[in-house]
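Since this is a predicted model, take the numbers as computed values, not measurements.
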Amino acid sequence: VQLQASGGGLVQAGGSLRLSCAASGLRLDDFVVGWFRRAPGKEREGVACITRVGGDSSIYDDASVKGRFTISRDITKNMVYLQMNRLEPEDTAVYYCVAEVTLGGTPWRRAFDRGLWGQGTQVTVSS
């Protein structure tokens, strides 16, 4: 059972990338899935979260990415995506996807500590 994030790369400011989170051994639609990032010298921060299929279908995102990043699912492909538009140098980080069974009433940024984390993918935005 594992997750794998992919799709990172080097892009100029203002550009776009789409990150993918692929799962093996589990159905992502049964899980809450989050995207987090860690920039050099900074703490890990939550970027976006999407609740389980059949749940309240809520999407949460950080204020810093609102209107620029979109989290979505493709149930048929068992994938979760993070579409990142209008990228800024401040978005440079390693991005991780993580799956958790439920938020359990915990604020989403703190609900994934015990979740299933995938290997990250590097996103570098040049100015």
Side-chain angles (χ1 to χ4, degrees):
V1 176
Q2 64 179 3
L3 300 181
Q4 178 66 55
S6 62
L10 173 63
V11 64
Q12 288 188 328
S16 298
L17 286 173
R18 188 179 78 161
L19 304 185
S20 300
C21 179
S24 59
L26 73 159
R27 292 290 313 173
L28 282 178
D29 45 312
D30 291 333
F31 291 82
V32 183
V33 180
W35 284 98
F36 286 73
R37 67 187 179 186
R38 187 188 296 273
K42 295 186 178 180
E43 293 187 354
R44 186 186 71 197
E45 64 175 355
V47 176
C49 164
I50 186 167
T51 54
R52 290 183 299 177
V53 174
D56 60 5
S57 300
S58 295
I59 290 177
Y60 305 95
D61 51 27
D62 188 78
S64 66
V65 305
K66 193 173 293 291
R68 299 189 299 122
F69 292 9
T70 303
I71 188 171
S72 64
R73 294 181 182 272
D74 186 328
I75 297 173
T76 63
K77 295 182 179 179
N78 198 25
M79 301 277 279
V80 172
Y81 302 104
L82 184 68
Q83 178 67 45
M84 307 187 296
N85 299 326
R86 303 200 310 275
L87 282 159
E88 303 169 353
E90 293 73 22
D91 297 317
T92 295
V94 178
Y95 284 71
Y96 302 86
C97 60
V98 55
E100 180 57 89
V101 173
T102 177
L103 295 179
T106 302
W108 70 272
R109 291 180 183 79
R110 300 202 305 267
F112 290 94
D113 287 352
R114 296 184 179 183
L116 175 66
W117 289 82
Q119 289 186 324
T121 184
Q122 175 71 48
V123 172
T124 303
V125 185
S126 63
S127 58

Linked, directly or transitively: Ile50 and Val101 (ILVMFWY side chains, under 4.5 Å): yes
Nearest-0.5 Å distance that lies between atom CD in Glu90 and atom CZ in Arg37: 9.0 Å
Thr92 vs Gln122, side chain to side chain contact (heavy atoms under 4.5 Å, CB included): CA-CA, chis, key distance, verdict: CA-CA 8 Å; Thr92 295; Gln122 175 71 48; 4.0 Å; yes
Exercise: identify the closest heavy-atom pair between Gln119 and Tyr96: C-CD2, 4.0 Å
Residue pair Asp62, Val47: steps toward the side chain to side chain contact (heavy atoms under 4.5 Å, CB included) verdict: CA-CA 5 Å; Asp62 188 78; Val47 176; 5.6 Å; no
Side chain Thr121, main chain Gly8, donor-acceptor under 3.5 Å: yes
Leu26 side chain near Leu116 side chain, heavy-atom distance below 4.5 Å: yes
For Cys21, all residues meeting disulfide (SG to SG under 2.5 Å), sequence neighbours excluded: Cys97
All ring-ring contact (aromatic ring centres under 6.0 Å, His included) counterparts of Tyr95, not counting sequence neighbours: none
Residue of the set Val32, Asp61, Ile59, Leu103 for which side chain to side chain contact (heavy atoms under 4.5 Å, CB included) holds with Trp108: Leu103
Closest non-hydrogen atom pair, Pro89 against Ser127: CG-CB, 3.8 Å
Main-chain N/O of Glu100 paired with Arg114 side-chain donor or acceptor, under 3.5 Å: no
Test side chain to side chain contact (heavy atoms under 4.5 Å, CB included) applied to Asp91 and Phe69, step by step: CA-CA 11 Å; Asp91 297 317; Phe69 292 9; 3.8 Å; yes
Salt bridge (charged side-chain N to carboxylate O under 4.0 Å, His left out) partners for Arg44, two or more places apart: Asp113
What donor-acceptor contacts under 3.5 angstrom involve side-chain atoms of residues 79-87, with partners at least two apart or in another chain?
unit_1 : atom_1 : unit_2 : atom_2 : d
Gln83  : NE2    : Asn85  : OD1    : 2.9
Asn85  : OD1    : Ser16  : OG     : 2.9
Arg86  : NH1    : Gly67  : O      : 3.4
Arg86  : NH2    : Gly67  : O      : 3.4

Partners meeting salt bridge (charged side-chain N to carboxylate O under 4.0 Å, His left out) with Lys42 (sequence neighbours left out): none
Heavy atoms of other groups near Glu88 CD, more than 12 under 6.0 Å: yes
Minimum-distance pair of heavy atoms, taken over all atoms of Leu10 and Ser126: CD1-CB, 4.4 Å
Derivation of the side chain to side chain contact (heavy atoms under 4.5 Å, CB included) call for Leu28 and Leu3: CA-CA 9 Å; Leu28 282 178; Leu3 300 181; 3.8 Å; yes
Which residues share a salt bridge (charged side-chain N to carboxylate O under 4.0 Å, His left out) with Arg18, sequence neighbours left out: none
Donor-acceptor under 3.5 Å (Arg109 side chain, Phe36 main chain): no
Close side-chain approach of Thr51 to Tyr60, heavy-atom, < 4.5 Å: yes
